[in-house]
Amino acid sequence: MERTRWYKDAFIYQIYPRSFYDSNGDGIGDLRGIIGKLDYLKDLGIDAVWLSPCYKSPNDDNGYDISDYRDIMDEFGTLEDWKEMVAGMHERGIRLIMDLVVNHTSDEHRWFQESRKSKDNPYRNYYIWRKGKGKNGKKPPNNWTSRFGGPAWTYDDTTGEWYLHLFSRKQPDLNWDNPEVRKEVQDLVRYWLDLGCDGFRCDVITYISKREGLPDGKFAIGLVGDEHFTHGPNIHAYLNELNQKVLSHYDCMTVGEAAGVTLDEAALYTGESRNELDTVFMFEHVTCDTYFQILPRKFSLPRLKKIFSKWQYGLRDRGWNSLYYENHDQPRSLGRFTGDFGTHRKEAAKMLAVSIYMQQGTPYVFQGQEIGMTNCPFDNLDEFQDVLVKYVRDVLGRFEFLIRPIVLNVLRKRARDNARTPMQWSSGPQAGFTTGKPWMKINPNYKDINVEEALEDPDSILRFYQKLIAFRKNNDIIKYGTYKENYPDDKQIYCYERWWHGEKLFVICNFANAEVPFRMPKDLSFECCDLKLHNYGYDRPKIADCILRPYEALVYVIK
Ligand code: TEU
Ligand code: CA
């Protein structure tokens, strides 16, 4: 099987199925809902869909807790619906990337149900069980914390031992050191590829290999234990094995979710000769406005640019980047990376698109980003649905009321719920998402921000995305060109160029909601120059010293 590496030319659209489109009025998005919107996706021009988990799940973490890897969640439909969905995608030239969540299962998975029954159950070693510390073993085996807060261990009465869960207690970690577990994963990956899926987004894949002996982690604020399971001792061997046994036999692609990944590690994961993953999601830019990855920190453009440039220069010829601002775990990018955009929502959203999608790598757009959806003005803590928020509230316990306004304020900025409010299709009831009662709050701004409106407006964010995606298609400068940043210290302007065989792409982005003077770089000489993308009506035909308008963004091809 020849691997065509089609992902280098692909624009990928992420669907969070629960919030995309509800076909049957139960208030929950579903696969038939996706089928109903395939033409919308085709018109947008995207090449592939990354679908967040749609497998059977008790939904403690909205499908990231899987109880059966080979079947579809009841609320989302059936395997037949899935097949129809894939066929419909393929007919339209759209590939499907499934979410592969194999660091952990649900505690309701049959393997775990068996595993907890007795110490000699054949499935016992599928998970990570340990005796506790202290008198009677009533203290957790080590000090690792769950990514959702609290200890990463839960005590189980039946056998008097603890099991490890790096996420919620309903998400027990699989034991990848057990060859049977790795075989199970290979089999289920093959199962979906044989059914027609085109690749995988590998959930928290950097956590699957834990250090032998599970030593205590060093003291840290928030997350403890990281150094013993992020890029753990056998990670590269396990990924190489999965690749050689299964992935390499298909023309598929993989993208690993890689929180904490460094440039050198990313090169190891994605180097083409290493046969592990094709690409990874790094996290540096989406943590550049946080403290301890949790608390909000003032956004700084130079800090963001430094991260972009580090990855553009650093992974060149050594691996392959992923380009994203949003996903189902991140707050919305508008406002976050633009400051208060006031009346310039459209310009700001288009500028953000230019700022990232002219870089080298595989671009991702998250549902709603293409119409400029924003964070949701949640009114109180009960409106949040995310298991992560429930954990936070658990930890605060009866002290919650003391700091409730602060918590609400932080969550409004940072909560994952911001990305998960239903897709805004129209200005009609429930934003056209459902005819029933939506499973989660709809952002009240849907009357102004919705797909219907965007399709009618020739100047909409959506129309701009269509143009940008079409421009990017089969564009060798964007795909292969070298990257060079201008004015790295500028606090308002992000300016970079890409160069390939005598042609140059020149990108100017004003991140400020204000007029900002721009000076042309001295070494820029050219004979002809073509304005390809502009969020202010294509009226600056030449690159020249000028005053950039609020959030103005320009892309030129020059020769
Ligand atoms: O995310 C892993 C992860 O690193 C995030 O959960 C992060 O810790 C969190 O967003 C705090 O910012 C993946 C999935 O994308 C996420 O939805 C799941 O909840 C998680 O794994 C567990 O499967
Ligand atoms: Ca439904």
Side-chain angles (χ1 to χ4, degrees), residues 14 16-36 50-55 57 59-66 72-78 81 99-106 145-149 152 165-174 201-208 222-223 226 229-230 255-261 280-283 286-287 289-296 324 326-331 364 366 385-392 410-411 413-420 422-423 430 433-439:
Q14 185 191 351
Y16 195 67
R18 212 175 177 74
S19 302
F20 191 60
Y21 185 55
D22 174 23
S23 71
N24 64 352
D26 66 355
I28 298 174
D30 46 52
L31 299 190
R32 301 214 69 84
I34 298 174
I35 294 173
W50 151 26
L51 180 63
S52 277
C54 61
Y55 316 93
S57 163
N59 278 310
D60 184 52
D61 187 14
N62 289 348
Y64 283 91
D65 49 320
I66 297 171
I72 302 299
M73 188 188 301
D74 294 328
E75 291 165 332
F76 289 171
T78 63
D81 295 329
D99 217 307
L100 183 69
V101 188
V102 287
N103 173 69
H104 44 266
T105 69
S106 162
T145 52
S146 150
R147 308 297 89 180
F148 291 164
H165 55 87
L166 294 179
F167 292 89
S168 95
R169 45 184 100 77
K170 287 186 65 61
Q171 293 168 300
D173 278 51
L174 281 165
R201 175 266 187 185
C202 309
D203 189 62
V204 287
I205 201 67
T206 46
Y207 291 178
I208 59 175
L223 308 176
D226 263 83
F229 55 76
T230 308
V255 49
E257 190 202 18
V261 75
V280 288
F281 289 124
M282 61 89 175
F283 273 61
V286 290
T287 46
D289 61 340
T290 68
Y291 292 109
F292 314 116
Q293 300 170 35
I294 306 166
L295 298 173
Y324 76 100
E326 296 190 11
N327 62 38
H328 65 292
D329 292 334
Q330 295 297 326
Y364 291 80
F366 178 68
Q385 302 290 333
D386 187 2
V387 60
L388 188 49
V389 174
K390 299 199 172 106
Y391 261 76
V392 171
V410 169
L411 289 175
K413 287 208 183 78
R414 296 285 318 145
R416 310 196 295 182
D417 300 68
N418 282 304
R420 301 175 181 185
M423 179 74 180
Q430 285 81 252
F433 162 70
T434 177
T435 54
K437 186 176 175 307
W439 75 277

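Owing to the predicted nature of the structure, the values given are computational and were not obtained by experimental measurement. Both ligands and their constituent atoms are indexed starting at 1 by order of listing.
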Give a yes or no on whether Lys413 atom NZ has more than 12 heavy-atom contacts from other residues, nucleotides or ligands under 6.0 Å away. no

Residue, atom name and distance, where the atom is the protein heavy atom closest to atom 4 (O) of ligand 1: Glu257 OE2, 3.9 Å

Given Thr434 and Trp439, is the side-chain contact (heavy atoms from CB on, under 4.5 Å) satisfied, shown in steps? CA-CA 10 Å; Thr434 177; Trp439 75 277; over 6 Å; no

Sub-4.0 Å protein heavy atom next to atom 18 (C) of ligand 1: yes

Among the N/O/S atoms of Asp26, which is closest to the Ca ion (ligand 2)? Give the atom name. OD1

What's the shortest heavy-atom distance between Ile205 and Gly256, and which atoms? CG2-CA, 3.9 Å

Is Gln293 touching ligand 1 with its side chain, its backbone, both, or neither, if touching means heavy atoms under 4.0 Å apart? neither

Under 3.5 Å: donor-acceptor pair, side chain of Asp22, backbone of Gly25: yes

Which bit of Phe148 gets closer than 4.0 Å to ligand 1, counting heavy atoms only: side chain, backbone, both or neither? side chain

Does ligand 1 have any atom that is closer than 4.0 Å to a heavy atom of His104? yes

The Ca ion (ligand 2) -> Asp22, closest N, O or S atom is OD1

What part of Arg414 sits under 4.0 Å from ligand 1 if we count only heavy atoms: the side chain, the backbone, both or neither? neither

Identity and distance of the protein heavy atom lying nearest atom 21 (O) of ligand 1: Asp203 OD1, 2.9 Å

Aromatic contact between Phe366 and Trp50, with the criterion being ring centroids under 6.0 Å apart: yes or no? no

Which N, O or S atom of Asp30 lies nearest to the Ca ion (ligand 2), by name: OD2

Below a 4.0 angstrom heavy-atom separation, can you tell me which part of Arg201, side chain or backbone, both or neither, approaches ligand 1? side chain

Are the side chain of Tyr55 and the backbone of Val101 linked by a donor-acceptor contact shorter than 3.5 Å? no

Exercise check, heavy-atom protein proximity under 4.0 Å to atom 12 (O) of ligand 1: no

Parallel, tilted or perpendicular: which describes the rings of Tyr207 and Phe167, with under 30° parallel and over 60° perpendicular? parallel

Determine, considering heavy atoms only, which of His165, Arg416, Arg147 sits nearest to atom 9 (C) of ligand 1. Arg416

Would you confirm whether the ring centroid of Tyr64 sits within less than 6.0 angstrom of the ring centroid of His328? yes

